[in-house]
Amino acid sequence: MILLVSITVGLSLIAVFPTISEAQSEQKTFVTHSGAVITTSGDVIDPLYTVSTVDFDPDEFLRNFEYGRVSTSETGQTIREYTIIAEDDKIQEISPGVFYNVWTFNGTVPGPTIRATEGDLLRIHFINNGSKEHTMHFHGIHPAGMDGVFEPVGGNGGQFVYEFEAGPVGVHPYHCHVMPLEEHIVHGLYGVFIVDPKEGRAPADEMVMVLNGLDTDFDTENNFYAANTIPFYYQHHPIQINTHELIRVYVVNMVEFDPINNLHLHGNLYKYYPTGTDVVPSFYTDMITLSQTERGIMEFEYEYPGKYLFHAHKVEFSEKGWVGIFLVQDNPNNSQELDYGT
Amino acid sequence: MELNNNTSRVKVIASGIIPFAFVIIMMAYIFGPGSDLLDFGIPLPEITIEKIDFVDSEIQATVRNTGPIPVEVVMADVNDRIHPAAVEPDGFLERYEAALVRIPFEWNEAEPYIIGITVGDGTRFEKEIEAAAPALQPTLDLAVFFAIIGTYVGIIPVMIGLLWLPFIKKISKSKYHFFLALTAGLLLFLAFDSIEEAIEVSDESLAGSFNGSLLVATAVVLSFLGLYYSGEKLVQRANSSKLAKPVAIALMISIGIGLHNFGEGLAIGAAVGMGSIAFSTFLIVGFALHNTTEGIAIAAPMSRGKLMIGKLAAMGMIAGAPAIFGAWIGGFVYSPFTSVIFLAIGAGAIFQVIVVLMKWLREEGDRNLSSASVASGFAVGMLVMYLTSILV
Ligand SMILES: [Cu+2]
């Protein structure tokens, strides 16, 4: 009887508490997004509040436009030359503690935002340093041989020069177009290509948001969603803008696996230019739904200072990272010298 | 002469060691550093969410690293929506190390939830709970409640079964054999039942790396061997110490049944703990009914000795009381690993009891175990158990 009890208790203790024994004394308290307070002696795992150590900087990407190396042809045409290097062996911490093999153009997901004016001659020196074949396929108008579909560029140093005139006006995606296509896109081989009208657009605080998702466990469902790759980033680091200043956001939806994505703006409405090909807005709304590689330009101004959310109203996506905050500040000088980002 | 002896001993030792050295060399060649013979690719992380507890404004997941490499727990989600959480003691898990993930969440009773845990390479693991119910707090009231349930399931039915004793005492030898065989049949069914239950638990909540079915097989065989060996010792001592043999056999039966009832207690406690009220009621009624037959199993051998009320009552306790301990452990500190182990040990114990019973039947005269009473007893035992299992 006693034997039975001791065997019983002993075995169960061994099996139930094998390792939960190393006590830690330091207590931490954290407040969750919903306001719950929790005190723990352990680790806090929280993509919202943990300081991000990721090596892709969404703040830098947000307002960064690559105009290329500029020269002029004999006929007076502006020539913009870019060097884009593809790689597919980079392990990046895409959310605190989550390491994922990203495939990159110039080392980042998304790749650099290529910007030109309508009619410029683009010369893109593409180098594939990856282990697989890759290409660059630009949405827009160009000759068949420059489409990045039937000219796969071999890995380990393969090269190709894409040459075409920038057009039409608008915001377009570019991405690798090698089969299996979904795999190459989901791993991160995409970026934004902006073609400005010759007469230009009104001055504005301009930014790029690539709506994307990451399938970190390869089950053809996204584990994370984001604007500019890092989940919850702009919620943790609000985007600072000024009252009464025109904000122009180039939005490109690169989410795979899910049929739609969308963008809802709080406390405001935006003028929406689908694909950016028209200079007259098609909608005045706070909510636009985008299918794969659908994109557009959003223009708005905030009247009242404060914090305003922007996020997917497909709430699943926002609860898996695609959510951010505009921190609107009163600035009497309407100064552009404000120190953006932190 | 002495020298000769020494050299021969050295030879013996050497002849034992040399092949062993070759084994070590071979293993070093296969597994050692620099060997790429067994490089089957990248080991993948794996964790098992063993248990989900719904406590006040919080969901708690017990996770264990059941893969071949250390992992880090980096994210928790509820219904595939990311939530901040705490991991205690910390998120780094060595092989087989466990941690508690505490997710602040206002959950709703009786609603289903899927809890997901993501590790450092982005792989997500999940466990589904059909209906959330508050986790049991180890209060005195609840401990008393479990004790009462355990008494109803374990002790009282066994005691009721023991009341058959006067009847069995009066019947003829062949009828007596029938009842011994019936006991064996009943027990055999219980053993299969325990094994099935153990495999079910291991399939549901135990990681693949535990090799659930093999774990069950191993535990069954080890417990059988251990109990068989110590049982024989017990009988030998019983013979020498004049403890009547029927008593020794009945004692072994009681211990075996006790282990089995412990497993039943675990099941009940775990069912109450998981909040499945209907299931736990079913278990309580079912176990209580069939445990009366366990009383017969103890009474049958005892009927050939002197009537010893005290000893009989003690055996009833040994067989029945573990149901209480089982319910406590099942309800308060449930772990799938312990359940599997205890259920398997119970099965092994029952097999041992059956073997002892059959040996005894042979010694009692039925050398080939082929008499009508033995065959029909066995068959009736199995059938009775099967039918009650359908009814309840
Ligand atoms: Cu590619």
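Below, chains carry the letters A, B, ... as their sequence lines are ordered, and counting in each starts from 1. These figures come from a predicted structure and were not determined experimentally.
- With a 4.5 Å cut-off on non-hydrogen atoms, A/Ser318 does not touch chain B at all.
- Between chain A and the options B/Ile82, B/Ile103, B/Leu93, the largest number of non-hydrogen pairs under 4.5 Å is found for B/Ile82.
- For chain A, the option among B/Met75, B/Glu72, B/Arg102 with the highest count of heavy-atom pairs below 4.5 Å is B/Arg102.
- Between A/His236 and A/Phe232, the distance separating the two ring centers is not shorter than 6.0 angstrom.
- A/Tyr100 places no side-chain N or O within donor-acceptor distance of the main-chain N or O of A/Ser95, the cut-off being under 3.5 Å.
- No part of B/Ser57 comes within reach of chain A, as not one of its non-hydrogen atoms sits under 4.5 angstrom from that chain.
- Neither the backbone nor the side chain of B/Asn79 comes within contact range of chain A; no heavy atoms are under 4.5 Å apart.
- Centroid-to-centroid, the aromatic rings of B/Phe325 and B/Phe262 stay 6.0 Å apart or farther.
- For chain B, no part of A/Phe218 is nearby; none of its heavy atoms comes within less than 4.5 Å.
- Using a cut-off of 4.0 Å between Lys/Arg side-chain N and Asp/Glu carboxylate O, B/Glu126 and B/Arg124 are scored as salt-bridged.
- Looking at B/Glu58, the atoms closer than 4.5 Å to chain A (heavy atoms on both sides) all sit in the side chain, from C-beta outward.
- By the 30° and 60° cut-offs, the orientation of the rings of A/Tyr234 relative to A/Phe310 is tilted.
- Judged purely by atom type and a 3.5 angstrom limit, B/Asn261 has no side-chain atom pairing as donor or acceptor with the backbone of B/Pro322.
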